[in-house]
Amino acid sequence: MTDGESADGVRLTGIAKSFGGTRVLAGLDLAVRAGEFLTLLGPSGCGKSTLLRIIAGLERQDCGTVSIAGRPVDHLPPAERDVAMVFQSYALYPHMTVAGNLATPLEMRRLTLLERLPLIKHLSPRRARVMRGIMAEVRAVAEALRIEALLDRKPAQLSGGQRQRVALGRAMVRHPAVFLMDEPLSNLDAALRVEVRHELADLHARLGTTFIYVTHDQVEAMTMSSRIALMDQGRILQLGTPDDLYDRPASLAVARFIGSPSLTVLETVADGVGGIRLGAVRLPFGHRFAAGTRLSLGIRPEAFALPLGPEADGPALAARLVRAENLGAEWHLHVRLDLPGEPPAIVRLTAAEHEAARASGLLEDPLTLVLRARGVHLFGPDGARVEPDPAHTAVVE
Amino acid sequence: MRSRAFLASVLSHLVLLIGAVLMLAPFVWMLLTSIRPAEEVFGAVFDPIPSRFAGFENYAQALFASNVPRAMLNGAVVCLGILAVQLATALPAAYALARLRFPGRGVLFGLVLFGLTVPIQVPALPLYLALAKAGLLDTFFALMFPFFLTVFGLFLFRQFFRTYPEEILQAARLDGMGEFEIVWRLAVPAALPAIGAFSVFSIVAHWNDLYWPLIVVTSRERATPPLGILAFRDAETGGNYGALMAGAALITAPLVLAFLVARRGFVRGLTMTGLK
């Protein structure tokens, strides 16, 4: 599906929003495809939650248009936009039971105002019948989320994970066209977060509904999303699949934000014939910058290798080991490169690589680091990514 | 050291005890007098314990030969009527002032605070004239009307609603609740302790109020409890202070009972709203 055909998802055009004198969103365009899991990722204060609230109708944009399923919804109140939201705090109704919480969105839609008024509501003969239907649906959703045993409890009697499920159930029960989720995992402990991450991905696969998910956690974004919109200062820096963002970052800012530990950035200059120099080493890129143009080279931790067997031929840099961290399955070497200014760098090795390197004495100072082709990115003076020209060979080979 | 702590504890309890005795003495005296035979009230011999139990005749006179039961019924009607309208107006208004964004909200809330500083004596005369012009003097409506809008309740509930989590309100709007429905489905259930505390304040104030009923009520049929006692003193009893005190005890009893029942919730309501 191309962007042109995605009118049935959520489309944002020129969304701008200021609070007081602070501009939070700066004329933002975004097309969310129907059925995709799109994550708005960014540091706190980047405007991602505000954007979500604008889609929900809880905030009004200063200008721009929100369309859901092909129709503009700017004039519609939140309840009529056919969206459901899961809040960071879960926002369950504290004095209602779980069943009451799950039933409320349906009661609001299927009962008339008179049938919802205290005392008077019992006069309606229709109400009992409608409520029976609602409770059957509530029970079905509760079973799907495995919370049917909790239906009579109040939110205060539930654990964080259980509350999270109830909040999800309250969103699911009305079958909305779009799910909006505002950092729903941030109040859970680490182990539970991994579990709920899988459940959310499963849920998305099962329902096939559009999910728009806000988080500052790149692991959540990378593991669950069909696409990620990386935001900063009210703008989208890059929109793409997790692979796009990691392997083809559009700018230095994106490359720095995505990936942990973060990539090493080296300041360098163009040599005028399509390459750059790192000390004694020349890396060919096939770029067109004039000699002396300042460029940035980003190197992912796993793009550094030790000269073991087949890796030994690439361009090599000397370095001094500062600290080695053992993470079990992998090692992180913090090193200083033998370049002017001794820039720091981080090297990621698998446990097997680390062991082989230690056996062959490659961890003695000075280290020799070989650059792999994958994971080395060049950024122009404006911070934009420089695509290697396929006519020239890329970094190594 | 231990003996000093013990002494301090004894001293502080002694002070509290004296305070409690001072506070309770009039009530105890009222109860004692209410079971004292009539001839003993002004008798030459002063003895706190009545010589003979005359409670039956005093309470019987207060209950069956006076206007006190009628006055209590009137008091209940007036207090509950005032409270109902106060809650029905103050709760939505407080919610709007606390949670809705609209132009002029600051000015409106400033006026509310200003209203807190105006005592009933200030608008009493214009209110009386208006009620007199409308031919509404000596009615339940005249008794209740000046108190329908409660600035104090508005302020109390506003402070309470300000602490209500914004995300729950947003969830409710997404679920399709209008603002009025948010008030009665979410805000009111959450505010029950504050509502309880306010109700006690309101009922006590209007049950015991003498000033306004004295102005607008002239007939026995509309007398509120304090007016009932007043009339009792003048008309029926003559010198029978035993029966008068029995009437006073009867009038105090509902409030004391209600407070004992609701004591825990009342204290919690006060602490929750930060007014204690």
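Here is the naming used below: chain letters follow the sequence lines, and residue numbers restart at 1 for every chain.
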Do any side-chain atoms of residues 132-139 of chain A form donor-acceptor pairs under 3.5 angstrom with protein atoms, and if so which ones, sequence neighbours left out?
from, atom 1, to, atom 2, distance (Å)
A:Glu137, OE1, A:Arg110, NH2, 3.1
A:Glu137, OE2, A:Arg110, NH1, 2.8
A:Glu137, OE2, A:Arg110, NH2, 3.2

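Within the 4.5 angstrom heavy-atom criterion, only side-chain atoms of A:Glu107, from C-beta onward, approach chain B. Neither the backbone nor the side chain of A:Leu106 has a heavy atom closer than 4.5 Å to any heavy atom of chain B. For A:Arg109, the part lying near chain B is the side chain, with the backbone staying farther off; criterion is any non-hydrogen pair under 4.5 Å. In this structure, chain B has no heavy atom under 4.5 Å from any part of A:Val86.
For A:Arg23, the CZ atom counts as loosely surrounded, since its 6.0 Å shell holds 12 or fewer non-hydrogen atoms of other residues, nucleotides or ligands. Heavy-atom neighbours of B:Phe102 CZ from other residues, nucleotides or ligands within 6.0 Å: above the threshold of 12. Under a cut-off of 6.0 angstrom, the local environment of CZ in B:Phe140 is crowded, with over 12 non-hydrogen atoms contributed by other residues, nucleotides or ligands. Under a cut-off of 6.0 angstrom, the local environment of CZ in B:Phe145 is sparse, with at most 12 non-hydrogen atoms contributed by other residues, nucleotides or ligands. Enclosure of atom CG in A:Asp152 is not indicated, since only 12 or fewer non-hydrogen atoms of other residues, nucleotides or ligands lie within 6.0 angstrom. The neighbour count for A:Arg126 CZ, taken as heavy atoms of other residues, nucleotides or ligands under 6.0 Å away, is above 12.
Near-neighbour residues of residues 78-89 of chain B relative to chain A, defined by a heavy atom under 4.5 Å from a heavy atom of that chain, are none. Using a 4.5 Å heavy-atom cut-off against chain A, the contacting residues of residues 168-188 of chain B are B:Ile168, B:Gln170, B:Ala171, B:Ala172, B:Arg173, B:Leu174, B:Asp175, B:Gly176, B:Met177, B:Glu181, B:Trp184, B:Arg185, B:Leu186.
A distance-only check finds no donor-acceptor pair linking the side chain of B:Glu167 to the backbone of A:Ala91 [under 3.5 Å].
Annotation: side chain of A:Pro94 is in contact with side chain of B:Tyr164 (closest heavy-atom distance under 4.5 Å).
Comparing A:Arg81, A:Arg53, A:Arg174, A:Arg116 by heavy-atom pairs within less than 4.5 Å of chain B, the highest count is held by A:Arg116.
Applying the side chain to side chain contact (heavy atoms under 4.5 Å, CB included) criterion to A:Ala221, with sequence neighbours excluded, gives A:Thr39, A:Leu41, A:Thr215, A:Ser225, A:Ile228.
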